[in-house]
There are 2 protein chains.
Amino acid sequence: MKLGEGVEQAIHCVALLSGLEPGAVVSAAALAAFHGVSVSYLLKHLQALSSSTGLLETVPGPRGGYRLARPASAISLLDIVLALEGLAPAFRCAEIRQRGPDPLPGRYFAKPCGIAAAMLKAERAYRAELARVTIADVVAGLAAEDSDGAIAARGCAFLTLHQRRPGQGAAPALKET
Amino acid sequence: MKLGEGVEQAIHCVALLSGLEPGAVVSAAALAAFHGVSVSYLLKHLQALSSSTGLLETVPGPRGGYRLARPASAISLLDIVLALEGLAPAFRCAEIRQRGPDPLPGRYFAKPCGIAAAMLKAERAYRAELARVTIADVVAGLAAEDSDGAIAARGCAFLTLHQRRPGQGAAPALKET
DNA sequence: GCGTACATACTCGGATACTACCTGTCCGAGTCCGTAAGG
DNA sequence: CCTTACGGACTCGGACAGGTAGTATCCGAGTATGTACGC
């Protein structure tokens with residue numbers, strides 16, 4: 001019962017990308033520098049969000065980068081969690097009730113056992129709660145708690161500095177950390 | 001986002017122990033044999049249920065074993081999951097928004113970020129759903145789906161064969177698998 | 001001056017080591033039972 | 001016959017290896033850019 005560390009990074013990145021102008025992209029290196037994490041490791045998670053699931057779009061080559069493939073209001077926290085952690089439920093029923101000496105015939109176990117049902121029901125509640133929250137909601141919530149707008153201002157400054165539209169202007173050198 | 005395999009074993013064991021007569025105990029070896037799992041490994045989890053949390057009571061020595069420390073109606077699935085997986089939430093907020101170059105002063109981050117709040121809220125829903133289900137409910141549910149009572153009969157046969165009250169009778173040899 | 005071709009540098013993508021946790025196992029401390037000796 | 005002491009065996013408890021998934025990193029494939037050359 002432990003989520004990977006990349007989930008937090010991925011959510012923050014997606015939230016940041018939601019502030020991009022239409023068509024603009026941001027490189028993984030810039031995202032990693034902004035959050036103070038390893039570039040190579042962040043790439044691993046961004047790939048999971050782009051190739052496997054279709055949450056992000058990628059633009060290769062110089063002045064390439066990542067961009068949301070859907071509006072922020074159409075991306076839920078559940079989408080990101082499932083993309084990174086896999087679709088399999090956390091609770092895995094090994095049907096140990098069928099093991100041991102002289103087990104009963106299989107026909108007695110047509111229905112999944114009540115324990116697995118209860119565990120999976122709880123997990124459905126968890127996922128439903130995550131599916132209810134979209135990236136747009138998260139960004140709105142962050143802005144609400146950011147009374148003087150300092151945090152939002154930092155994000156906007158980052159975006160205006162590092163976002164770029166493929167096919168226009170010169171790629172700025174990444175600011176040294 | 002993956003629960004350990006021992007969670008299922010522990011829940012099945014507790015459900016089985018709920019059928020014991022008052023004061024009787026069952027050894028870990030018998031429980032492991034009934035479920036077809038490793039004795040030593042099951043012991044590891046049973047210890048977590050007995051020493052750390054107080055869900056199970058232990059009786060040492062010959063004809064010792066495990067027994068519920070509380071009524072089955074007072075033990076929830078959440079109690080077992082937390083005992084085995086730890087009390088820490090699955091989502092860990094590393095506050096990466098405070099990292100990176102020229103971070104904002106700490107006073108801007110007095111409140112936890114909205115992302116962590118949303119993730120933890122979903123986890124509270126998960127835990128609330130698990131806390132709502134007690135072992136007594138699980139056993140009742142198992143009996144309801146067990147139309148001809150074959151599964152329950154197997155459990156009862158096991159209990160009458162392997163349960164024992166400390167200070168009475170001879171310890172029966174464990175049936176070979 | 002304009003168009004084209006090329007070398008360049010930057011980007012993402014997948015393949016490769018390292019670490020921590022979960023899984024599985026072992027041996028030791030403690031306790032109760034059964035037996036045997038003694039009164 | 002009853003009491004007492006002892007040996008034995010069984011139990012749980014904590015300490016010890018192995019395997020798998022997460023973490024961190026590296027190098028290679030691909031592409032748009034910027035420049036230089038030719039017309």
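Both backbone and side-chain heavy atoms feed into the values below; hydrogens, waters and symmetry mates do not. Every chain is numbered from 1 and lettered A, B, ... according to where its sequence line falls, protein lines coming before strand lines.
- Straight-line distance from the OH atom of Y66(B) to the C1' atom of dC10(D): 14 Å, rounded to whole Å.
- In this structure, T58(A) reaches the dG13(C) phosphate: one of its side-chain N or O atoms is under 4.0 Å from OP1 or OP2.
- Candidate nucleotides dC12(C), dG13(D), dG30(C) were compared by shortest atom distance to the side chain of P62(B), and dG30(C) ranks first.
- One finds no salt bridge joining E8(A) and R92(B) here, because no Lys/Arg side-chain nitrogen approaches an Asp/Glu carboxylate oxygen to under 4.0 Å.
- Counting to the nearest Å, the P atom of dC33(C) and the CZ atom of R164(B) are 11 Å from each other.
- In terms of the side chain to side chain donor-acceptor pair (under 3.5 Å) criterion, residue partners of E95(B) (sequence neighbours excluded) are, by chain and number, R97(B), Q98(B).
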Ignoring hydrogens and angles, write down the donor-acceptor pairs under 3.5 Å from the side chains of residues 51-58 of chain A, residues two or more places apart or on other chains.
unit_1	atom_1	unit_2	atom_2	d
S51(A)	OG	Q47(A)	O	2.9
T53(A)	OG1	A48(A)	O	3.2
T53(A)	OG1	L49(A)	O	3.4
E57(A)	OE1	R67(A)	NE	3.4

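- Between R67(B) atom CZ and dC12(D) atom P there is a gap of 12 Å when expressed in whole angstrom units.
- When rounded to the nearest whole Å, the span between CG of L31(B) and C1' of dT11(D) equals 13 Å.
- In this model, the phosphate group of dG14(C) is approached by a side-chain N or O of Q47(A) to a distance below 4.0 Å at OP1 or OP2.
- Other residues sharing a hydrophobic cluster with V25(B) under the 4.5 Å side-chain heavy-atom criterion for ILVMFWY residues are V59(B).
- Comparing L43(A) and V59(A) against DNA chain D, the residue whose closest nucleotide sits nearer the 5' end is L43(A).
- Under the side chain to side chain donor-acceptor pair (under 3.5 Å) criterion, D79(B) pairs with S76(B), not counting sequence neighbours.
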Detail all sub-3.5 Å separations between protein N/O atoms and N/O atoms belonging to nucleotides 21-25 of chain C.
unit_1	atom_1	unit_2	atom_2	d
dT23(C)	OP1	E5(B)	N	2.6
dT23(C)	OP2	Y41(B)	OH	2.8
dT23(C)	O5'	Y41(B)	OH	2.9
dT25(C)	OP2	S38(B)	OG	3.2

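- Summarising the geometry, the separation between CG on L84(A) and P on dA21(D) is reported as 17 Å, rounded to the nearest angstrom.
- Among residues two or more places apart in sequence or in another chain, the side chain to side chain donor-acceptor pair (under 3.5 Å) test is passed with H45(B) by Y41(B).
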